[in-house]
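Notes follow once the structure below has been shown.
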Amino acid sequence: MRIGVLGTGNMADALATHWVRAGHQVTIGGRDPRKAERLAARAGGDVGGGAEGGSLRDVAASGQDVVLVALPFGVGADVVRDLGGTLDGTVLLDCSNPVGPGFRLLTRGGPSAAEQLAAAAPGAHVVKAFNLCHEGVWRMRPPVFEGRPLAVPVCGDDEAALARVRELVRDLGCTPVAGGGLDRAGLLEATAALFIGLWVGEGADAQAIAPPLAYATGPEEKEQEKERELR
């Protein structure tokens, strides 16, 4: 797959490195092309290439299958709007989190960050994913905890776009989870705000707030299953 990356920060570094190792051709673009070139050299270092760097417009103009928008909230929409129709037909993968001081959701009462990106690039197919974990988790090879691969919710409206992003999730050793249409991306962003507030603000284990799947609708079914096993 041909993958473009808009941005040269930590998320761009972490995800691009995995995708180069998986055999994809990655083009990284930034406002400073030299920084993008250094990041591309680092991402492709242990596999002998597979990545190149350039400008933001180089990424948009080189016919990518998927473009990761690894830019801060608001900046991504401005950048893709400036790039205009060069992104038409492209899958835009949004990993941003509109979280501000006090772990507040900055989009409260308005469209999600992913929906704002879609409005800025109406000819593209926007998919939301990779926003629930610190960039250090995405650097793991693979992110597996207590024997269970990390699950990654994916939201979007175009099935072909979703299929490509699910492949990229699996390339990290993770399990894609259907999160619904793009209208549910705001729920993912709100979840990130809640989790960050629990993890960073309270030092709490966010995983502990949800029961196992077997108890998702209450304990009755699970208890009945135990009774059947004892008979």
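- For the atom pair S112 OG and L188 CG, the distance stands at 9.5 Å (nearest 0.5 Å).
- When every heavy atom of P98 is checked against every heavy atom of S96, the shortest pair comes out as CD-O, 4.0 Å.
- Minimum heavy-atom separation, G4 to V59: CA-CG1, 3.6 Å.
- A donor-acceptor contact shorter than 3.5 Å links the side chain of R2 to the backbone of G63.
- Between L162 and V154, the closest side-chain pair of non-hydrogen atoms falls below 4.5 Å.
- One N or O on the side chain of N97 and one on the backbone of N131 form a donor-acceptor pair closer than 3.5 Å.
- Side-chain atoms of E189 come within 3.5 Å of backbone atoms of A113 as a donor-acceptor pair (strictly under, hydrogens ignored).
- Residues K35 and L39 fail the side-chain proximity criterion, which asks for heavy atoms closer than 4.5 Å.
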Under the side chain to side chain contact (heavy atoms under 4.5 Å, CB included) criterion, do F73 and V99 qualify, and how do the steps go?
CA-CA 8 Å; F73 168 60; V99 181; over 6 Å; no

Residue pair V152, W138: steps toward the side chain to side chain contact (heavy atoms under 4.5 Å, CB included) verdict:
CA-CA 11 Å; V152 180; W138 302 123; 3.8 Å; yes

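- Among all heavy-atom pairs drawn from V126 and A118, the shortest one is CG2-CA, 3.6 Å.
- V66 and L83 fall into different hydrophobic clusters, where Ile, Leu, Val, Met, Phe, Trp and Tyr side chains are chained together by heavy-atom contacts under 4.5 Å.
- If you chain together hydrophobic residues whose side chains sit under 4.5 Å apart, L132 and L213 never meet in one group.
- Residues L68 and C95 form a side-chain contact, since some pair of their non-hydrogen atoms from C-beta on lies under 4.5 Å apart.
- Looking only at side-chain heavy atoms (C-beta outward), V165 and V91 come within less than 4.5 Å of each other.
- The pair K128-E115 does not meet the salt-bridge criterion, since no charged nitrogen lies less than 4.0 angstrom from a carboxylate oxygen.
- Judged by distance alone, the side chain of D58 and the main-chain N or O of S55 form a donor-acceptor pair under 3.5 Å.
- Checking side-chain atoms of D94 against main-chain N and O of L117 turns up no donor-acceptor pair under 3.5 Å.
- Inter-residue side-chain proximity for V137 and L150 is flagged as met; some heavy-atom pair is nearer than 4.5 Å.
- Screening V5, L87, T86 against V67 for a side chain to side chain contact (heavy atoms under 4.5 Å, CB included) leaves a single residue, L87.
- Taking all atoms of both residues into account, the shortest heavy-atom contact from A193 to L105 is CB-CD1, 4.3 Å.
- Note that the CH2 atom of W199 and the CD atom of Q207 stand 8.5 Å from one another [nearest 0.5 Å].
- When side chains are defined from C-beta on, T17 does not count as touching R141, because their heavy atoms never get closer than 4.5 Å.
- When every heavy atom of P153 is checked against every heavy atom of A151, the shortest pair comes out as CD-O, 3.7 Å.
- Across all their heavy atoms, I28 and A16 have their closest contact at CD1-CB, 4.1 Å.
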Before you tell me yes or no, could you show the steps for I209 and L198 under side chain to side chain contact (heavy atoms under 4.5 Å, CB included), namely the whole-Å CA-CA distance, both residues' side-chain angles and the distance that decides it to 0.1 Å?
CA-CA 10 Å; I209 69 176; L198 290 172; 4.3 Å; yes

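- Judged by distance alone, the side chain of E52 and the main-chain N or O of A40 form no donor-acceptor pair under 3.5 Å.
- Taking the charged nitrogens against the carboxylate oxygens, D82 and R57 have no contact shorter than 4.0 Å, which rules out a salt bridge.
- With rounding to the nearest 0.5 angstrom, the OG1 atom of T8 is 11.5 Å from the CD atom of E37.
- Cluster annotation: L6 and M11 are assigned to distinct hydrophobic clusters (Ile/Leu/Val/Met/Phe/Trp/Tyr, side-chain heavy-atom contacts under 4.5 Å, transitive).
- Of the possible polar contacts, one joining the R184 side chain to the G179 backbone as a donor-acceptor pair under 3.5 Å is found.
- Side-chain atoms of Q64 come within 3.5 Å of backbone N or O of I3 as a donor-acceptor pair.
- Using a 4.5 Å cut-off on side-chain heavy atoms (C-beta onward), L172 and W19 make contact.
- Inspection of the H24 and D65 side chains reveals no N or O donor paired with an N or O acceptor under 3.5 Å.
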Run D13 and R139 through salt bridge (Lys or Arg N to Asp or Glu O under 4.0 Å) and show every step you take.
CA-CA 9 Å; D13 188 359; R139 295 182 189 277; 3.4 Å; yes

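- In the hydrophobic cluster analysis, where Ile, Leu, Val, Met, Phe, Trp and Tyr join through side-chain heavy atoms closer than 4.5 angstrom, L106 is grouped apart from V75.
- By the criterion of side-chain heavy atoms lying less than 4.5 angstrom apart, applied directly or through intervening Ile, Leu, Val, Met, Phe, Trp or Tyr residues, V20 is grouped together with M1 in one hydrophobic cluster.
- You'll find the side chain of H125 stays beyond 4.5 Å of the side chain of D157, heavy atoms only.
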Could you walk me through whether H134 and V200 satisfy the side chain to side chain contact (heavy atoms under 4.5 Å, CB included) test, starting with their C-alpha distance in whole Å, then the side-chain angles of each, then the deciding distance to 0.1 Å, before giving a yes or no?
CA-CA 11 Å; H134 185 273; V200 179; over 6 Å; no

